[in-house]
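Each chain gets a letter, A, B and so on, in the order its sequence line appears, and its residues count up from 1. Every value quoted in this text rests on a predicted model; they were computed, and no experiment measured them.
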2 protein chains.
Amino acid sequence: MSIDISPNPGRSAGRPREFDIDEALDKAITVFSEKGYHGTSISDLRDAMGLTAGSLYKAFKDKHAIFLASFDRYKQVRNALLDEELEKANNGRDGVYRMLAFYAEGAHGEGGRRGCLAVGTAVELAIFDDEAARRVERSMDRFETTFEALIRRGQEDGSINRSINPNATARLLLSVVQGLRVLGKTSPSREQTFSVVDVAMKLLD
Amino acid sequence: MSIDISPNPGRSAGRPREFDIDEALDKAITVFSEKGYHGTSISDLRDAMGLTAGSLYKAFKDKHAIFLASFDRYKQVRNALLDEELEKANNGRDGVYRMLAFYAEGAHGEGGRRGCLAVGTAVELAIFDDEAARRVERSMDRFETTFEALIRRGQEDGSINRSINPNATARLLLSVVQGLRVLGKTSPSREQTFSVVDVAMKLLD
DNA sequence: CATATTTGGAAACGATCATTTCCTAATGGG
DNA sequence: CCCATTAGGAAATGATCGTTTCCAAATATG
């Protein structure tokens, strides 16, 4: 008895795709972030991704699928960067600061004007698009949970006041961070953005 | 020498408009808030406002003009309600709380899911639409200035800690309030929303 | 080498978009 | 009382939307 092993693993029959899906999605992320879902046309995506409409529809079911794939890719990349940053944290308080600073860094200047795809999706699609709403909610939950864990860790290692409410404070920090993304659309200075972070840190004293 | 007084003041020649512009704009505000600018079609507006496309284009130059008029109307109504609420404030701290509570009230439940037109405009249009961006910026500035004035007032009347930075703290409260609007799109409970307000108030101690 | 399968890419599809046109209805001014 | 002016409303406009079709090119399999 023998088991078939395909000689070229992961590659199915037929002409191979000539572009990298993740690279293409990274371009789509920029367009969707800047113009939103309804503001982005297939022509926009075709131009930005350097593909023909035909190729797009070979790789994805429809525009909505391209969007969801872009969202997932965006979260995957951003979460990986955040995790990397949080590994450097010495204690709970330092972790909270690093997380706030990570978001503040993306919320000002060019990146701030481009916008956050999660915030954009929440605002534009969450009401009527259940699949988008579920993704937004999971993203927000993740942030809230991470903030709360860092606060608890800080309360244990002595870097954060033990009398504050971890969940309520985490939720406030989550609000701050989403708010910075809204304010970032009219591009405030780096200084202004980080002054908010500094004030927020006082909640941990 | 005599001065001509038109017998029917404010009414020019021609068939009179059969609908009230502000009432129509209030319907448009709901549609634009829920579906965004690009997600809203003239058909959507026609249906919601109870008008024909022809009448819409008699009253407004184009879709963009309808949107800007809706935005202006939205801000006018909301600002009037906020001013009314702030007149009840006993002191600076009470004023800050009333302002946070005013926004929190609109950010949860049905209104939260519908969304804030200013936040929606910031996220969807601020990059490429200068007229929209100017309006958003003015709206944010107004909120920040109001927060800052209330903080200074509280520092004078003794209800707010004199050592906090009024401008930086005002900007943080502005972030919180915009963030609540983003989180409100996935409709958190009234309790959750107000717990954020309570934590934010600790910054004034 | 032949066949099945998939992609690339241009062209075409019907639907819907924002906007205009055209006609009738209703008003104020001369 | 007529004329200029504006609104109401249905129908038509060209443009663009998202999507599909069709054919040639490129691969894996037998």
> Calculate the interatomic distance between A:Tyr57 atom OH and C:dG9 atom P; express it in whole Å.
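Going from OH in A:Tyr57 over to P in C:dG9 covers 17 Å.
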
> Rounded to the nearest angstrom, tell me the gap between atom CZ in B:Phe60 and atom P in C:dT19.
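Nearest whole value for this atom pair: 13 Å.
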
> Figure out the CD1/P separation between A:Ile42 and C:dG9, and round it to whole Å.
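So the CD1-P distance, A:Ile42 to C:dG9, works out to 16 Å.
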
> In whole angstrom, give the distance that lies between atom CD1 of A:Ile21 and atom P of C:dG8.
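Those two atoms, CD1 and P, are 9 Å apart.
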
> A:Phe19 near the nucleic acid: base, sugar-phosphate alone, or nothing, with a heavy-atom cut-off under 4.0 Å?
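The residue A:Phe19 makes sugar-phosphate contact but no base contact.
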
> Let me know the distance between CD of B:Glu18 and P of C:dT27, rounded to the nearest Å.
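B:Glu18 atom CD is separated from C:dT27 atom P by 8 Å.
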
> Which word best sums up how the rings of A:Phe32 and A:Tyr37 line up, parallel for under 30°, tilted for 30 to 60°, or perpendicular for over 60°?
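Ring orientation, 0 to 90° scale: parallel.
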
> Under a 4.0 Å N-O cut-off, is there an ion pair linking A:Arg134 with A:Asp130?
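Salt bridge flag = no for A:Asp130 with A:Arg134.
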
> Using OP1 and OP2 only, check whether a side-chain N or O of A:Ser43 sits under 4.0 Å from D:dC17.
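Yes, A:Ser43 has a side-chain N/O under 4.0 Å of OP1/OP2 on D:dC17.
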
> Under 3.5 Å, side chain of B:Gln155 to main-chain N/O of B:Ile164, donor-acceptor pair present?
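The answer is yes, because a donor-acceptor pair under 3.5 Å joins these two groups.
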
> Less than 4.5 Å apart, any side-chain heavy atom of A:Glu124 and any of B:Val123?
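The answer is no; the side chains never approach within 4.5 Å.
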
> Is A:Lys58 touching bases, backbone alone, or none of the nucleic acid, heavy atoms closer than 4.0 Å?
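Since a base atom lies under 4.0 Å of A:Lys58, the category is base.
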
> Please tell me which of the listed nucleotides, D:dG8, C:dG8, D:dT20, lies nearest to the side chain of A:Thr52?
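From the listed options, C:dG8 comes nearest.
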
> If you assign B:Ser41 and A:Leu51 each to the DNA chain C nucleotide with the nearest heavy atom, which residue ends up on the more 5' nucleotide?
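The answer here is A:Leu51.
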
> Measuring to OP1 and OP2 of D:dG8, would you say a side-chain N or O of B:Ser55 lies under 4.0 angstrom away?
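So the side chain of B:Ser55 is within the cut-off, an N or O lying under 4.0 Å from OP1 or OP2 of D:dG8.
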
> Take the protein atom CZ of B:Arg17 and the nucleotide atom P of D:dT5, then report the distance between them rounded to whole Å.
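Interatomic distance, CZ of B:Arg17 to P of D:dT5: 17 Å.
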
> Before giving the answer on side chain to side chain donor-acceptor pair (under 3.5 Å), spell out for A:Ser41 and A:Asp44 the whole-Å C-alpha distance, their side-chain angles and the decisive distance to 0.1 Å.
CA-CA 5 Å; A:Ser41 68; A:Asp44 291 333; 3.2 Å; yes

> Using only modelled atom types and a 3.5 angstrom limit, is any donor from either the side chain of B:Arg15 or the base of C:dT27 paired with an acceptor on the other?
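Absent.
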
> Among C:dT27, D:dG18, C:dT19, which is the nearest nucleotide to the side chain of B:Pro16?
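Of all the options, the side chain of B:Pro16 is nearest to C:dT27.
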
> Calculate the interatomic distance between B:His38 atom NE2 and D:dT16 atom P; express it in whole Å.
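Taking NE2 of B:His38 and P of D:dT16, I get 15 Å after rounding.
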
